[in-house]
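Since the structure comes first, as structure tokens, the remarks are kept for the end.
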Amino acid sequence: MTAHVTDLPQKPATEAVAAQHRQLLDSLPFSDVQDFEDARRGFIAALEPGVVQADGRVVWDNDAYGFLAGEAPATVNPSLWRQSALNAIQGLFEVVPGIYQVRGLDLSNVSFIEGDRGVIVLDPLLSAEPAAAALDLYRRHRGDRPVTGVIYTHSHADHFGGVRGVVSQQDVDAGLVPILAPEGFTEHAVSENVYAGTAMARRAGYMYGAALARGPRGQVGAGLGQTTSTGTFGIIPPTLDITTTGQEETVDGVRMIFQMAPGSEAPAEMHIYFPQRRALCMAENATHVLHNILTIRGAQVRDARSWAGYLSEAIDLHGNELELVFASHHWPTWGRERAVEFLALQRDLYAYLHDQTLRLLNRGLTGPEIAEVLQLPPALENAWHARGYYGSVSHNVKAIYQRYMGWYDGNPAHLWQHPPEAAARRYVDFMGGAEAVVAKARESFDAGDFRWVAEVLNHVVFAQPDHEVARELLADTFEQLGYGAENGTWRCAYLSGATELRSGSFGTPVTPVSGDVLAQLTPEQLFDALAVRVDGPRSWNEHLELEVDLTDVGTRYRLTLRNGVLSYTTAPQTSAPDVVLHLSSTALPAVATGAVDPAGLAAAGVTVDGDPAALGRLLASLERPDPDFAIVTP
Ligand SMILES: [Zn+2]
């Protein structure tokens with residue numbers, strides 16, 4: 001552990017940041033207030049107060065963003081301030097008669113589509129209590145309609161995690177409430193948070209600023225929405241898969257025509273056209289941000305080219321008929337001409353980033369070089385919904401480079417670099433020692449070159465983590481970069497880094513993995529999750545053969561641990577295993593995730609045949625992931 005600096009108050013913005021903001025105020029079309037009209041259009045009622053609790057714990061507090069009503073202070077990028085003020089507009093809204101939205105109760109929106117008898121819930125938020133509060137708000141103003149269907153537009157947690165707040169498992173099991181989702185939904189919904197889940201969750205803490213105070217010097221929003229709710233997270237698997245573009249379904253008298261969009265913003269995603277309302281739901285593929293080609297919490301790179309293609313296809317399919325476009329984040333766009341132009345600009349945005357990155361990489365430019373020179377055409381630069389509040393041109397361009405070319409930029413100088421600590425010691429030594437670097441860094445800070453200060457002081461902190469002056473100045477530098485950032489997630493990341501440099505690690509504030517999700521994992525996914533926890537070097541010399549007999553489904557898996565690798569097969573084996581575990585598939589998640597230790601196996605309903613010590617050796621080879629790993633220090 002490193003020494004802590006004392007808790008320091010947040011600093012004011014420097015003149016360099018204030019000047020950058022003034023320039024932005026002059027260059028962007030702040031007098032265009034169409035978005036504010038659209039974000040308030042159809043307003044019916046707000047949740048008063050705008051707070052949701054679960055067992056006395058606040059899991060959503062939109063009122064904490066009341067400060068956004070004023071003018072942007074120098075500590076917040078005015079463009080991000082504007083976006084956050086829009087996202088903080090909360091309540092129940094009529095999109096068109098028969099379609100309603102509750103916005104501002106989570107990172108995402110929930111939409112309510114009225115049918116003959118009841119209401120279909122489209123994308124029930126991230127956790128149950130905000131979803132229930134949204135349904136309640138809807139019912140208070142639209143009548144006590146029963147939920148007659150649920151739709152998940154895609155496999156991201158903020159679009160299904162609150163489902164238990166709007167429907168019960170019994171009603172789904174009884175066939176009373178169908179749940180529609182794109183093919184592949186469950187597999188992607190549960191696997192995304194498993195293999196790299198610990199690291200993604202730790203980094204998500206930086207990206208969404210969960211540990212930051214709300215306020216002009218803290219978290220002001222995440223661009224896509226204000227932040228993530230922290231209520232009860234769950235999942236009920238879909239009962240009806242949508243598999244093909246053009247597929248039509250009718251639920252409670254509501255006609256729906258689907259467009260598949262796999263491998264776009266999410267691996268399983270779909271758009272929905274409601275012909276009776278002439279309304280097109282774009283899931284999360286056309287929102288009021290430049291979205292992420294690669295989210296900074298870490299993920300697999302998305303396909304910008306396919307994404308743009310689906311937007312073109314949506315225009316081709318419905319552009320002649322639709323009267324409005326809405327999505328599961330932000331506010332709708334009304335009128336055919338405006339809606340189609342909105343879709344076309346979003347298409348141009350992702351296509352331009354993709355195509356120009358490829359053009360430039362074929363001229364030999366590398367990711368960081370392309371990110372620096374690539375500029376959007378004026379029509380996109382001045383379209384508020386195309387600005388980088390969530391994704392950014394900078395990190396999306398690097399992601400597109402990464403998708404095609406990988407981590408290596410082709411320059412052998414970068415083929416075998418020292419890792420950060422080893423490089424840092426050498427840099428600081430070559431630059432004349434820590435004191436000399438800090439003195440020069442302070443001059444660059446005063447000149448407003450914060451990007452450079454972050455680079456060199458990061459070396460000092462990685463070479464000498466106890467150097468308090470370097471840590472303080474690096475924290476101040478991250479803070480100024482945060483104040484300057486137009487991107488909500490960049491601001492959160494910078495301010496989170498500053499917070500940890502000043503007062504130590506805040507760990508992982510929010511972990512969205514629940515028993516509900518684990519219960520949906522297949523045995524194969526669970527074994528994969530175990531395999532990535534095997535401590536390789538410690539297990540080089542282990543050789544274990546285990547049989548897992550899932551008594552309720554009648555499947556036997558042979559697990560082999562050798563050379564630090566845990567593999568599995570269902571093929572019949574001739575050799576005898578060291579140990580056989582007989583258990584039901586419902587008990588498997590707890591055993592496989594290490595929630596049950598060997599002493600507790602019998603109580604968990606597991607029968608062990610053979611050498612119980614073999615099981616102990618397998619469990620001993622597993623490592624617990626670290627949800628508190630260092631980021632801004634070595
Ligand atoms: Zn979302």
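Along the sequence shown, residues carry numbers from 1. Computed from a predicted structure; not experimentally measured.
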Item to check | Electrostatic pair E500-R202, nearest N-O below 4.0 angstrom | outcome: yes
Checklist entry - Crowded around F67 CZ? As in, over 12 foreign heavy atoms under 6.0 Å? => result yes
Checklist entry - Going by atom types alone, do H354 and Y404 pair a side-chain donor with an acceptor below 3.5 Å? => result yes
Checklist outcome for this item: In this structure, CG of L501 is separated from OG of S496 (nearest 0.5 Å) by 11.0 Å
Item to check | Heavy atoms from other residues, nucleotides or ligands near CD of Q34 exceed 12 (cutoff 6.0 Å) | outcome: yes
Checklist entry - Strictly by modelled atom types, are S127 and S229 linked by a side-chain donor-acceptor pair under 3.5 Å? => result yes
Checklist outcome for this item: side-chain contact (heavy atoms from CB on, under 4.5 Å) test vs I400 passes for just one of L294, D303, V301, L353, namely L353
Item to check | Identified side chain to side chain donor-acceptor pair (under 3.5 Å) counterpart of N285 within the set E265, H271, Q346 | outcome: H271
Next on the checklist: Between the side chains of E269 and R302, is the shortest nitrogen-to-carboxylate-oxygen separation below 4.0 Å, so that they form an ion pair?
Outcome noted: no
Item to check | Side-chain H-bond candidate by donor/acceptor type, E435 with H467, under 3.5 Å | outcome: yes
Checklist entry - Does atom CZ of R451 have more than 12 heavy-atom neighbours from other groups under 6.0 Å away? => result no
Item to check | Distance, nearest 0.5 Å, that separates CD1 of I370 from CG of L361 | outcome: 5.0 Å
Item to check | Carboxylate-amine/guanidinium contact D35 R82, below 4.0 Å | outcome: yes
Next on the checklist: Within the supplied structure, the quantity of interest is the number of heavy atoms (other residues, nucleotides, ligands) at a distance under 6.0 Å from Y408 OH; does it exceed 12?
Outcome noted: yes
Item to check | Polar contact flag, side-chain donor to acceptor under 3.5 angstrom, S79-Y389 | outcome: yes
Item to check | Over 12 foreign heavy atoms within 6.0 Å of CD, Q23 | outcome: no
Next on the checklist: I'd like to know whether the aromatic ring centres of F93 and Y100 sit less than 6.0 Å apart in this structure.
Outcome noted: no
Checklist entry - Hey, are S312 and R347 close enough side-chain-wise for a donor-acceptor pair under 3.5 Å? => result yes
Checklist entry - Any chance CD of E323 has more than 12 other-residue heavy atoms, nucleotides or ligands included, within less than 6.0 Å? => result yes
Item to check | Donor-acceptor contact below 3.5 Å, side chain R297 vs main chain Y208 | outcome: no
Next on the checklist: Looking only at the side chains, is there a donor atom on one of E284 and H159 sitting less than 3.5 Å from an acceptor on the other?
Outcome noted: yes
Item to check | Pair E15 + R22: basic N to acidic O under 4.0 Å | outcome: yes
Checklist entry - How about T357 and R403: do any of their side-chain heavy atoms sit closer than 4.5 Å? => result no
Next on the checklist: So that I can tick it off, tell me whether R41 and E94 are bridged by a salt bridge, with the cut-off set at under 4.0 angstrom between side-chain N and carboxylate O.
Outcome noted: no
Checklist entry - Side chain of W490, backbone of G484: donor and acceptor closer than 3.5 Å? => result no
Next on the checklist: Please identify which of these residues, L324, L322, I315, meets the side-chain contact (heavy atoms from CB on, under 4.5 Å) condition with L280.
Outcome noted: L322
Next on the checklist: Are there over 12 heavy-atom neighbours, none belonging to R442, within less than 6.0 Å of that residue's CZ?
Outcome noted: no
Checklist entry - Do F30 and W384 come close enough that some side-chain heavy atom pair is under 4.5 Å? => result yes
Item to check | Donor-acceptor side-chain pairing of W307 and H291 below 3.5 angstrom | outcome: no
Checklist entry - Quick one: do the N487 and T489 side chains pair a donor with an acceptor below 3.5 Å? => result yes
Checklist entry - Above 12 or not: heavy atoms from other molecules or residues under 6.0 Å from CD of E372? => result no
Checklist entry - How about N292 and M207: do any of their side-chain heavy atoms sit closer than 4.5 Å? => result yes
Item to check | Check against side-chain contact (heavy atoms from CB on, under 4.5 Å), Y427 and V460 | outcome: CA-CA 8 Å; Y427 271 116; V460 179; over 6 Å; no
Next on the checklist: D409 vs T366, test: side-chain hydrogen bond (donor to acceptor under 3.5 Å, both in side chains). Steps then yes/no.
Outcome noted: CA-CA 6 Å; D409 66 5; T366 62; 4.9 Å; no
